A.B. asks: 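Take this structure first; my questions come after.
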Protein chains: 2
Amino acid sequence: MTTSAPRRPRQDAVDNRAGILSAATAAIAHDPQASINTIARSAGLSRRALYGHFADRNALLAEIIDTGAERFNRIASDVTDTDAQVALARLTSLLWQQAAHVQVAASIALDDAHLEATGKALAPLRHAVAAILQRGQNDGTLRTDVDVTTLARLVEEAARAAITRVDATLPEARSLAVRTTLSMAGLSWRETVALLAEHPDILGDSAAGDAAPADVAPAAGGAAPAAGDTPAAGAKR
Amino acid sequence: MTTSAPRRPRQDAVDNRAGILSAATAAIAHDPQASINTIARSAGLSRRALYGHFADRNALLAEIIDTGAERFNRIASDVTDTDAQVALARLTSLLWQQAAHVQVAASIALDDAHLEATGKALAPLRHAVAAILQRGQNDGTLRTDVDVTTLARLVEEAARAAITRVDATLPEARSLAVRTTLSMAGLSWRETVALLAEHPDILGDSAAGDAAPADVAPAAGGAAPAAGDTPAAGAKR
DNA sequence: AATAACTTGCACATCACTGTGCAAGTTATT
DNA sequence: AATAACTTGCACAGTGATGTGCAAGTTATT
């Protein structure tokens with residue numbers, strides 16, 4: 001008796017699920033309060049279909065946070081520079097590429113309902129940052145007028161602001177994010193400029209990954225183009 | 001014929017109105033989504049009574065923004081230091097005292113619905129900041145690796161973060177806010193420490209106002225103490 | 001003491017959103 | 001071509017919030 005092997009998910013369904021995640025990331029980055037309908041529509045699906053992929057809003061948010069945090073944590077573990085200034089700069093530079101994800105993580109992290117979950121998911125990243133800062137304080141390369149905990153928070157906020165609240169299309173956007181973070185860590189602006197001049201690789205085009213990570217929003221319209229109640233183009237079925 | 005002069009508002013009503021504004025400021029600083037009911041209850045009034053003082057949610061928010069902005073703008077115009085570094089430091093120091101108002105303004109300013117209104121209300125403050133930054137760039141006392149507009153945004157974000165996302169009860173909180181802002185403006189942390197040492201008045205206890213400004217939340221419980229549907233103590237009738 | 005001002009509680013209409021059930025249609029996969 | 005997987009649209013129930021009308025009570029002011 002050939003016990004019918006439960007057929008694996010259809011390809012279009014897999015794509016649509018991924019599309020929802022992208023769309024949700026983009027939509028929530030733009031408006032943390034984005035409704036399920038808005039998200040589904042901007043992914044080119046009906047609201048009803050979304051519930052076929054995610055049990056509820058929380059499940060969707062949880063997965064967004066998890067995958068986002070995974071990226072961040074992976075990036076953090078990839079930064080191995082012993083020089084704290086360089087490490088912090090490189091970390092910021094790499095995170096800058098994940099602007100939308102940073103935005104979303106920040107939005108969700110501010111929400112009481114998911115504070116716990118985000119805290120856990122982002123723990124490795126935060127640990128890494130704290131370790132870098134501590135190291136810099138120990139060898140005197142970073143500011144010591146603030147305790148590590150507070151400094152970590154300030155640096156995180158500065159990075160978030162520089163990454164998400166500055167026009168990312170500007171050519172100097174990435175460099176700006178890095179300089180901003182270093183400033184918060186205690187360097188003068190001239191020191192940050194000098195540091196980046198000495199380490200041009202930090203702002204490099206970073207063709208040094210493994211697989212090219214499919215980035216945000218391969219779906220249709222950006223986030224919420226006056227979302228009526230009809231699907232945008234892009235749905236596959 | 002003694003045309004009955006329309007009796008002036010009762011004193012308790014005036015107090016209650018002020019109480020609502022305080023409560024709303026505190027509540028919204030804690031949670032930008034705070035409901036009308038939550039606000040009213042934390043002011044010791046019923047939801048219904050609130051509508052006797054404010055036409056709708058927007059009217060309430062508008063007044064909060066306006067009074068907050070008025071404080072900020074007044075503060076900004078009071079800062080007359082010619083030295084850009086000192087001016088920026090003093091401005092931050094003074095704004096730090098308005099933590100709850102800064103928090104609220106930031107929250108509301110992020111909301112699309114009130115973006116326009118907040119922008120107009122805060123214009124004078126932003127102009128003042130831009131002027132200070134421009135001055136600093138001209139005489140080389142502030143960073144010149146970022147254009148004024150972007151720098152203004154970054155400084156604003158840094159100040160907001162330092163003022164609202166750091167425990168305000170810490171003794172160094174105020175100093176921290178100032179140092180943070182100066183860091184973002186390009187100074188190294190040692191320079192900020194030196195600057196504050198040279199100008200102890202910046203962190204002074206500021207007994208140098210005119211009338212003591214009635215500050216946030218003379219009402220009852222902080223913001224939302226598991227807001228049921230019954231008034232907290234504090235209502236006057 | 002009389003009056004107008006104020007507050008309360010309740011009922012009510014409205015809105016936007018969430019989550020689910022189900023029948024009917026479309027499409028990928030075997 | 002048959003089948004299971006997927007999507008759609010609609011209906012429906014539930015939640016939580018906003019804003020208003022009104023009668024009854026309480027309180028400041030004259």
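When reading the values below, keep in mind they use all heavy atoms of this one structure, side chains included, and skip hydrogens, waters and symmetry mates. Letters A, B, ... mirror the listed sequences (proteins, then strands); counts begin at 1. Just so you know, these numbers come straight off a predicted model, no measurement behind them.
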A.B. asks: Determine which nucleotide pairs with D:dT3, using a 3.5 Å limit on both distances of a Watson-Crick or G-U wobble pair.
C.D. replies: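 C:dA28 is the nucleotide pairing with D:dT3.
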
A.B. asks: When the distance from CD1 of B:Ile28 to C1' of D:dA17 is rounded to whole Å, what number comes out?
C.D. replies: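 Distance, rounded to whole Å: 14 Å.
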
A.B. asks: What's the closest nucleotide to the B:Ala49 side chain, out of C:dA28, D:dT7, C:dT7?
C.D. replies: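 Of all the options, the side chain of B:Ala49 is nearest to C:dT7.
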
A.B. asks: Specify the separation, in whole Å, of atom CZ of B:Arg41 and atom C1' of D:dT18.
C.D. replies: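 The distance from CZ of B:Arg41 to C1' of D:dT18 comes to 15 Å, rounded to the nearest Å.
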
A.B. asks: Using heavy-atom distances to pick each residue's nearest nucleotide on DNA chain C, tell me which of B:His53 and A:Arg57 is more 5'.
C.D. replies: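 By nearest-heavy-atom nucleotide position, the 5'-most residue is B:His53.
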
A.B. asks: Please check the phosphate of D:dA17 (OP1 and OP2 only) for any side-chain N or O of B:Asn37 closer than 4.0 Å.
C.D. replies: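 For D:dA17, OP1/OP2 do not have a side-chain N/O of B:Asn37 under 4.0 Å.
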
A.B. asks: Can you tell me the distance, in whole Å, between the CZ atom of A:Phe54 and the P atom of D:dC6?
C.D. replies: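 These atoms are roughly 13 Å apart.
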
A.B. asks: So which nucleotide from C:dT7, D:dT8, D:dT18 ends up closest to the side chain of B:Leu45?
C.D. replies: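 The closest nucleotide is C:dT7.
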
A.B. asks: Dump the intermediate steps for side chain to side chain contact (heavy atoms under 4.5 Å, CB included) on B:Leu133 and B:Leu88, then the final yes or no.
C.D. replies: CA-CA 8 Å; B:Leu133 296 178; B:Leu88 191 57; 4.1 Å; yes

A.B. asks: Any donor-acceptor pair under 3.5 Å joining the side chain of A:Arg47 to the base of D:dG9?
C.D. replies: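 There is none.
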
A.B. asks: Tell me which of B:Ile36 and A:Pro9 sits closer to the 5' end of DNA chain D, going by the nucleotide each one is nearest to.
C.D. replies: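 Closer to the 5' end of DNA chain D: A:Pro9.
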
A.B. asks: Quickly work out the B:Ile39 CD1 to D:dA17 C1' distance and round it to whole Å.
C.D. replies: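 Roughly 12 Å, once rounded to whole Å.
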
A.B. asks: Please determine whether side chain to side chain contact (heavy atoms under 4.5 Å, CB included) holds for the pair B:His114 and B:Ile65, giving the CA-CA distance in whole Å, both sets of side-chain angles, and the decisive distance to 0.1 Å.
C.D. replies: CA-CA 9 Å; B:His114 309 89; B:Ile65 267 293; 5.9 Å; no

A.B. asks: Could you state the atom-to-atom distance from CD of A:Gln11 to P of D:dT7 in whole Å?
C.D. replies: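 Taking CD of A:Gln11 and P of D:dT7, I get 12 Å after rounding.
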
A.B. asks: Are the side chain of A:Ser93 and the backbone of A:Ala89 linked by a donor-acceptor contact shorter than 3.5 Å?
C.D. replies: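 Checked: no pair found.
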
A.B. asks: Given atom CG of B:Leu50 and atom C1' of C:dT8, what is their separation to the nearest angstrom?
C.D. replies: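 My rounded result for the distance is 14 Å.
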
A.B. asks: In the structure shown, which nucleotide is the Watson-Crick or G-U wobble counterpart of C:dG9, with both distances under 3.5 Å?
C.D. replies: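 Checking every strand shown, C:dG9 finds its partner in D:dC22, with both distances under 3.5 Å.
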
A.B. asks: Does the C:dA28 base have a donor-acceptor partner in the side chain of A:Arg10 within less than 3.5 Å?
C.D. replies: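 Checked by distance alone, the answer is no.
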
A.B. asks: Among D:dT18, D:dT8, C:dT18, which nucleotide has an atom closest to any side-chain atom of A:Ser35?
C.D. replies: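 Nearest nucleotide to the side chain: C:dT18.
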
A.B. asks: Could you state the atom-to-atom distance from CG of A:Asp56 to P of C:dT18 in whole Å?
C.D. replies: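 So the CG-P distance, A:Asp56 to C:dT18, works out to 11 Å.
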
A.B. asks: Just to confirm, is there a sub-4.0 Å distance from OP1 or OP2 of C:dT8 to any side-chain nitrogen or oxygen of B:Arg48?
C.D. replies: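 Answer no for this pair, as no side-chain N or O of B:Arg48 is under 4.0 Å from OP1 or OP2.
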
A.B. asks: In this structure, are over 12 heavy atoms from other groups packed under 6.0 Å from A:Arg153 atom CZ?
C.D. replies: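 For A:Arg153, atom CZ is not crowded (no more than 12 foreign heavy atoms under 6.0 Å).
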
A.B. asks: In Watson-Crick or G-U wobble terms, both distances under 3.5 Å, what is the partner of D:dT15?
C.D. replies: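 D:dT15 is paired with C:dA16.
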
A.B. asks: How many whole angstroms separate atom CD of B:Gln33 from atom C1' of D:dT18?
C.D. replies: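 Between C1' of D:dT18 and CD of B:Gln33: 14 Å.
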
A.B. asks: Donor-acceptor check, side chain of B:His127 to backbone of B:Ala123, threshold 3.5 angstrom: yes or no?
C.D. replies: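 At least one qualifying donor-acceptor pair exists.
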
